[in-house]
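Remarks on the structure that follows.
We use all heavy atoms of the structure for the numbers below, so side chains are in, but hydrogens, waters and symmetry mates are not. Proteins come first, then strands; the chains are lettered A, B, ... in the order of their sequence lines, and each starts at number 1.
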Amino acid sequence: MLQVPFLRQHTALVKERLAIKLFKETGLVDEVLALDDERKKLQLEFDTTQSKVNGASKEIGQLMAKGQKAEAESKKQEVAAWKLSLEPISQQLAGVEKKLEETIVKLPNLPGPAVPPGKTPEDNVIVREGGNKPTLHANAVPHWDLAKKYRLIDFELGNKITGSGFPVYTGRGARLQRALIQYFLDFNTGAGYTEFLPPFMVNEASAFGTGQLPDKEGQMYFVTEDKFYLIPTSEVPVTNIYRDELLKESDLPIRMTAYSPCFRREAGSYGKDVRGLNRLHQFEKVELVQLVHPEKSYETLEEMVSHVERLIQSLGLSYRILNLCGGDMSFTSAQTYDFEVYSAAQQKWLEVSSVSNFEAYQTNRMKIRFKDAQGRNQLVHSLNGSSLALPRIVACLLENNQTESGIELPAVLHSYFGSKNIQ
RNA sequence: GGAGAGAUGCCGGAGUGGUCGAACGGGACGGUCUCGAAAACCGUUAUUCGCGCAAGUGGAUCGAGGGUUCGAAUCCCUCUCUCUCCGCCA
């Protein structure tokens with residue numbers, strides 16, 4: 001969430017920036033400031049009286065020790081009166097604090113300086129493109145047909161076992177998943193990221209920390225019995241590793257990578273986009289998370305983009321990188337680059353990675369701080385990115401590399417997959 | 001799942017109603033000493049919200065949340081987690 005002192009000092013700028021994100025309720029900013037004023041007023045009132053109570057209580061203790069019972073008793077009467085007056089104040093204070101919290105979390109993160117204006121995905125700026133779109137043979141088919149032909153993925157079986165959006169990978173299809181996960185993790189650890197294997201369910205505090213709650217509650221699967229959320233991405237458990245931690249400046253940057261399945265309800269998504277591997281309720285993903293010095297976060301964002309770009313290049317896929325416009329960015333992000341790979345048989349671009357700088361938006365919720373050279377505690381900046389989400393990568397690998405006689409896999413996967421192709 | 005024990009600062013660990021944000025030990029940091037280091041000695045060593053130009057000063061925090069009391073780390077209740085034993089189990 002945003003920080004109140006910043007809202008106070010840069011009120012006009014904040015509203016201007018929120019407008020870039022197409023956020024209409026800028027009145028919430030004023031509401032936050034008013035609530036904060038109210039909070040301070042009440043706290044001063046409370047603290048002053050509480051201070052008197054504390055002082056008198058000490059005196060009572062001393063009087064009792066000296067055996068001056070009568071004096072102690074009269075003090076008690078005095079304190080009782082103060083305490084009575086304290087009650088409504090503390091109730092009001094708690095109410096105002098709650099309201100302040102509820103209001104400030106409704107404010108999305110501010111877009112960073114390099115975010116282009118715009119309303120829809122059409123307004124996203126293509127930063128660069130790479131790789132070559134393949135020319136497919138005349139009988140080329142989409143990945144769902146290839147998956148069937150080579151018995152790699154059984155969508156119907158997934159329907160039977162669970163429901164739509166839960167495919168079963170079979171034989172070489174399953175092996176390909178494992179090969180990709182292993183390759184991606186090795187690629188990341190080779191670049192200095194530490195590997196984690198996090199829990200696949202998180203508690204409410206963790207889901208709140210990265211911003212899934214309260215904003216996206218309906219998009220997560222929820223285990224009512226234990227009040228756990230199935231993770232929509234390993235960003236959630238991995239970033240929360242450092243929740244409520246005070247780091248040393250020398251601990252930064254912290255670079256983490258993790259594989260996990262991702263569970264998403266995708267409520268409200270129907271139609272052609274859900275065909276095959278395009279949109280699933282459960283999918284595999286390898287994620288990158290970094291916690292960095294606030295002055296370094298945009299530099300880190302570019303570095304992470306290059307890292308993911310190299311990974312996609314190594315797979316030989318045709319890709320493009322988009323700088324998301326204000327209207328298409330997520331609630332919590334300050335700047336996001338999306339990676340899309342070209343699905344040759346479907347003839348469309350599929351998003352396979354999203355790399356974002358959250359600045360201090362998540363870390364303010366999670367209280368991830370470090371002690372700077374002056375001894376002050378500052379919030380670190382958090383970033384994350386997929387490297388990569390598997391299903392659409394698999395779709396493109398199958399479609400783009402199909403030949404009349406089989407599917408030729410990129411060289412980097414040969415040893416992981418145990419074969420150069422699928423026939 | 002059953003029975004019991006516990007949760008204190010960076011770590012260990014005292015503290016069972018009063019002046020305790022918390023003894024003591026260790027670690028870390030700064031200093032003295034040294035050519036340098038070790039040792040020794042001295043000092044510092046939480047977070048957070050206010051008020052104040054500042055010096056400074058008030059509130060909160062001993063797993064979390066409630067309660068009792070003039071006063072709670074200490075007593076009571078609820079929850080979470082950890083450990084031991086039993087059960088179950090990959």
* Could you please name the partner base of B:rC89, counting Watson-Crick and G-U wobble pairs only when both distances are under 3.5 Å? => none

* To do: Using the six-membered ring of A:Tyr150, assess whether NZ or CZ of A:Arg172 lies under 6.0 Å from its centre and within 45 degrees of the ring axis.
  => no

* To do: Hey, can you tell me if A:Tyr259 and A:Phe200 have their rings parallel, tilted or perpendicular (30° and 60° cut-offs)?
  => perpendicular

* Structure fact -> By the Watson-Crick or G-U definition, both distances under 3.5 Å, B:rA5 is matched with B:rU82

* Could you tell me whether the phosphate oxygens of B:rG50, OP1 or OP2, come under 4.0 Å of any side-chain nitrogen or oxygen in A:Arg39? => yes

* Asked: Going by atom types alone, do A:Glu38 and A:Gln92 pair a side-chain donor with an acceptor below 3.5 Å?
  -> no

* Which one, B:rG50, B:rG59, B:rG18, comes nearest to the side chain of A:Asn54? -> B:rG59

* Structure fact -> By nearest-nucleotide position on RNA chain B, the 5'-leaning member of A:Lys52 and A:Lys83 is A:Lys52

* Gap in Å between the two P atoms, one belonging to B:rA55 and one to B:rG66, rounded -> 34 Å

* Nearest-angstrom distance from the residue atom CG of A:Leu93 to C1' of B:rA60 -> 11 Å

* To do: Would you indicate which nucleotide in B:rC70, B:rU19, B:rU47 comes nearest to any side-chain atom of A:Leu246?
  => B:rU47

* **Polar side chain donor-acceptor pair, A:Ser333 to A:Thr336, under 3.5 angstrom** => yes

* OP1 or OP2 of B:rU47 less than 4.0 angstrom from a side-chain nitrogen or oxygen of A:Arg369, does that happen here? -> no

* Asked: Nearest nucleotide by nearest heavy atom, which residue falls closer to the 5' end of RNA chain B, A:Gly55 or A:Lys371?
  -> A:Lys371

* Distance between C1' atoms of B:rG63 and B:rC83 (Å, rounded) -> 15 Å

* So what's B:rG30 paired with, Watson-Crick or G-U wobble, going by both distances under 3.5 Å? -> B:rC42

* Asked: Between atom CZ in A:Arg376 and atom P in B:rA46, what is the gap in whole Å?
  -> 18 Å

* Distance-only donor-acceptor check, side chains A:Thr233 and A:Lys285, under 3.5 Å -> yes

* Structure fact -> Under a 3.5 Å limit on both distances, the Watson-Crick or wobble mate of B:rC51 is B:rG56

* Asked: Watson-Crick or G-U wobble partner for B:rU74, using a 3.5 Å limit on both distances?
  -> none

* Asked: Taking the same atom, C1', in B:rC41 and in B:rA46, what whole-Å distance lies between them?
  -> 26 Å

* With a non-hydrogen cut-off below 4.0 angstrom, is A:Gln50 in contact with a base, only sugar-phosphate, or nothing? -> sugar-phosphate

* Check the side chains of A:Gln3 and A:Asn364 for a donor-acceptor pair under 3.5 angstrom, ignoring hydrogens and angles. => no

* What's the closest nucleotide to the A:Leu44 side chain, out of B:rG50, B:rU47, B:rG59? -> B:rG50

* Given atom CG of A:Asp251 and atom P of B:rA28, what is their separation to the nearest angstrom? -> 16 Å

* Asked: Taking atom P of B:rU47 as reference, at what distance in whole Å does atom CD of A:Gln378 sit?
  -> 14 Å

* **Presence of salt bridge, A:Lys367 and A:Glu245, under 4.0 angstrom** => no

* Structure fact -> Here the distance between atom P of B:rU48 and atom CZ of A:Arg365, to the nearest Å, is 19 Å

* **Same-atom distance (C1') from B:rU45 to B:rG1, integer angstrom** => 46 Å

* A:Ser51 side chain, from C-beta outward: closest of B:rG18, B:rG58, B:rU19 -> B:rG58

* To do: Nearest whole angstrom, please: distance from the C1' of B:rG17 to the CE of A:Met64.
  => 11 Å

* **Pair A:Tyr193 + A:His307: ring centers closer than 6.0 Å** => yes

* **Pairwise C1' distance, B:rG31 and B:rA39 [rounded to whole Å]** => 16 Å

* Touch class at under 4.0 angstrom, heavy-atom based, for A:Lys75 against every strand present -> nothing

* Separation between the C1' atoms of B:rC88 and B:rA3, rounded to whole Å -> 16 Å

* Asked: Looking only at atom P, what distance separates B:rG87 and B:rG18, rounded to whole Å?
  -> 45 Å

* To do: Check every atom of B:rG58, B:rC51, B:rU48 against the side chain of A:Lys40 and return the nucleotide holding the closest atom.
  => B:rC51

* To do: Write down the partner of B:rU19 under the Watson-Crick or G-U wobble criteria, each distance required to be under 3.5 Å.
  => none

* Asked: What is the distance, rounded to the nearest whole Å, between atom CD1 of A:Ile89 and atom C1' of B:rG59?
  -> 13 Å

* Is there a Watson-Crick or G-U wobble partner for B:rC62 with both distances under 3.5 Å, and which nucleotide is it? -> none

* Atom CD of A:Glu73 to atom P of B:rU69: distance rounded to whole Å? -> 13 Å

* To do: Using the C1' atoms only, state how far B:rC85 lies from B:rG27, rounded to an integer number of Å.
  => 35 Å

